[in-house]
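Just below is one structure, and these are the notes that go with it.
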Amino acid sequence: DIQMTQSPSSMSVSLGDTVTITCRASQDVGIYVNWFQQKPGKSPRRMIYRATNLADGVPSRFSGSRSGSDYSLTISSLESEDVADYHCLQYDEYPPTFGGGTKLELK
Amino acid sequence: EVQLVESGGGLVQPGRSLKLSCAASGFTFSDYYMAWVRQAPTKGLEWVASISYDGGSTYYRDSVKGRFTISRDNAKSSLYLQMDSLRSEDTATYYCTTEAGHFWGPGTMVTVSS
């Protein structure tokens, strides 16, 4: 199975920060990486699809990028509503695998 | 408006069965691969099973192969997960989702405990 190693597992942040979360794939997954935001008690929401594409309705302060086998989600000028858990997903091959998640917490 | 609504969760004893359902609306159900994803309490997301557009192909994670069966009824825009021989480690919130997570339901909780 493809491993998606997500880091950091948690991050203490301040409003206005630029935040970057990374997933490293254990083998080539091409562009087939999505990023999800999940708030407590809620289902995940797709934020980025195919590594770099902003999903419908997602603020432009969110962006996705790829460098080799590293995939990153960046949040510019963090707002309070962005404090949540974030998950990456590779769906290049079965089984689809998620990263371990990143929990953003306010300082 | 796209909606996925799961049902069928609950408390079940180890070794027993449970069938989850997911009712879809607001999009062309038969145009999407569908999947079940679960999340154990305080844990990350875990893909469980997927099914192709017409149900002709199914895929499972190793830990549920032979115990879980995913199916769909495109005429009813519905997705199902038959879960047999349940184990305590199957305890989780189960989400119905389009493959790759475009749309998600609110989830249904399954607790396997004696």
Side-chain angles (χ1 to χ4, degrees), chain A residues 1-11 21 23 25 29-58 62 64 71 73 84-105, chain B residues 1-7 9 20 22-24 26-27 32-52 56-68 70 79 81 92-110:
Chain A
D1 297 1
I2 296 173
Q3 306 300 315
M4 297 296 283
T5 303
Q6 186 170 343
S7 60
S9 57
S10 65
M11 181 183 281
I21 301 166
C23 278
V29 296
I31 61 170
Y32 298 105
V33 172
N34 289 354
W35 288 95
F36 301 91
Q37 177 192 70
Q38 188 179 26
K39 296 185 177 180
K42 299 294 186 182
S43 53
R45 172 193 179 191
R46 191 180 69 163
M47 307 299 281
I48 300 289
Y49 66 97
R50 292 184 190 170
T52 61
N53 297 277
L54 202 63
D56 291 345
V58 175
F62 287 86
Y71 299 80
L73 172 72
D85 294 340
Y86 291 86
H87 310 269
C88 65
L89 165 71
Q90 74 76 22
Y91 57 104
D92 182 56
E93 68 174 50
Y94 283 102
T97 45
F98 290 90
T102 295
K103 185 178 190 66
L104 299 187
E105 297 171 306
Chain B
E1 179 195 4
V2 170
Q3 278 201 314
L4 293 169
V5 180
E6 304 92 341
S7 60
L20 306 183
C22 171
F27 66 103
Y32 287 81
Y33 269 54
M34 295 297 296
W36 289 95
V37 171
R38 68 186 180 186
Q39 187 172 34
T42 73
K43 300 296 186 183
L45 299 168
E46 182 176 84
W47 171 81
V48 175
S50 291
I51 188 167
S52 61
S57 296
T58 56
Y59 311 85
Y60 300 92
R61 69 178 301 104
D62 285 347
S63 62
V64 308
K65 276 180 191 173
R67 300 189 300 123
F68 289 12
I70 189 172
L79 178 71
L81 186 67
T93 296
Y94 284 73
Y95 296 103
C96 168
T97 175
T98 53
E99 186 143 283
H102 190 173
F103 307 125
W104 294 74
T108 187
M109 183 68 199
V110 172

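Quick note on labels: first sequence line is chain A, next is B, and so on, each numbered from 1.
There is no contact between B:Thr93 and chain A, counting heavy-atom distances below 4.5 Å. Only the side chain of A:Phe36 comes within contact range of chain B, with at least one heavy atom under 4.5 Å from a heavy atom of that chain. Proximity to chain A is limited to the backbone of B:Glu46, based on heavy atoms less than 4.5 angstrom apart. Looking at A:Gln90, neither its backbone nor its side chain comes within 4.5 Å of chain B, counting heavy atoms on both sides.
Residue A:Lys39 qualifies as enclosed at atom NZ: its count of foreign heavy atoms under 6.0 Å is above 12. Atom OH of A:Tyr32 is surrounded by 12 or fewer heavy atoms from other residues, nucleotides or ligands within 6.0 Å.
Between the NE2 atom in B:His102 and the CZ atom in A:Arg45 there is a gap of 11.0 Å [rounded to 0.5 Å]. B:Leu45 contributes atom CG, which lies 9.0 Å from atom CG of A:Asp85 (distance to the nearest 0.5 angstrom). Separation of atoms NZ (A:Lys103) and OG1 (B:Thr42) is listed at 10.0 Å; rounding is to 0.5 Å.
A:Pro44 is listed as a side-chain neighbour of B:Tyr95, based on a closest heavy-atom distance under 4.5 Å. Under the 4.5 Å side-chain criterion, counting only non-hydrogen atoms from C-beta, B:Arg61 is not in contact with A:Asp1.
Each of B:Trp47, B:Tyr33, B:Tyr60 was compared with A:Tyr94 under the ring-ring contact (aromatic ring centres under 6.0 Å, His included) criterion, and only B:Trp47 meets it.
Proximity of a side-chain donor or acceptor of A:Ser43 to a complementary backbone N or O of B:Trp104 within less than 3.5 Å is not detected.
Highest contact tally toward chain A, considering only B:Ala100, B:Gly107, B:Ala35, B:Pro106, is held by B:Ala100 [criterion: heavy-atom pairs under 4.5 Å].
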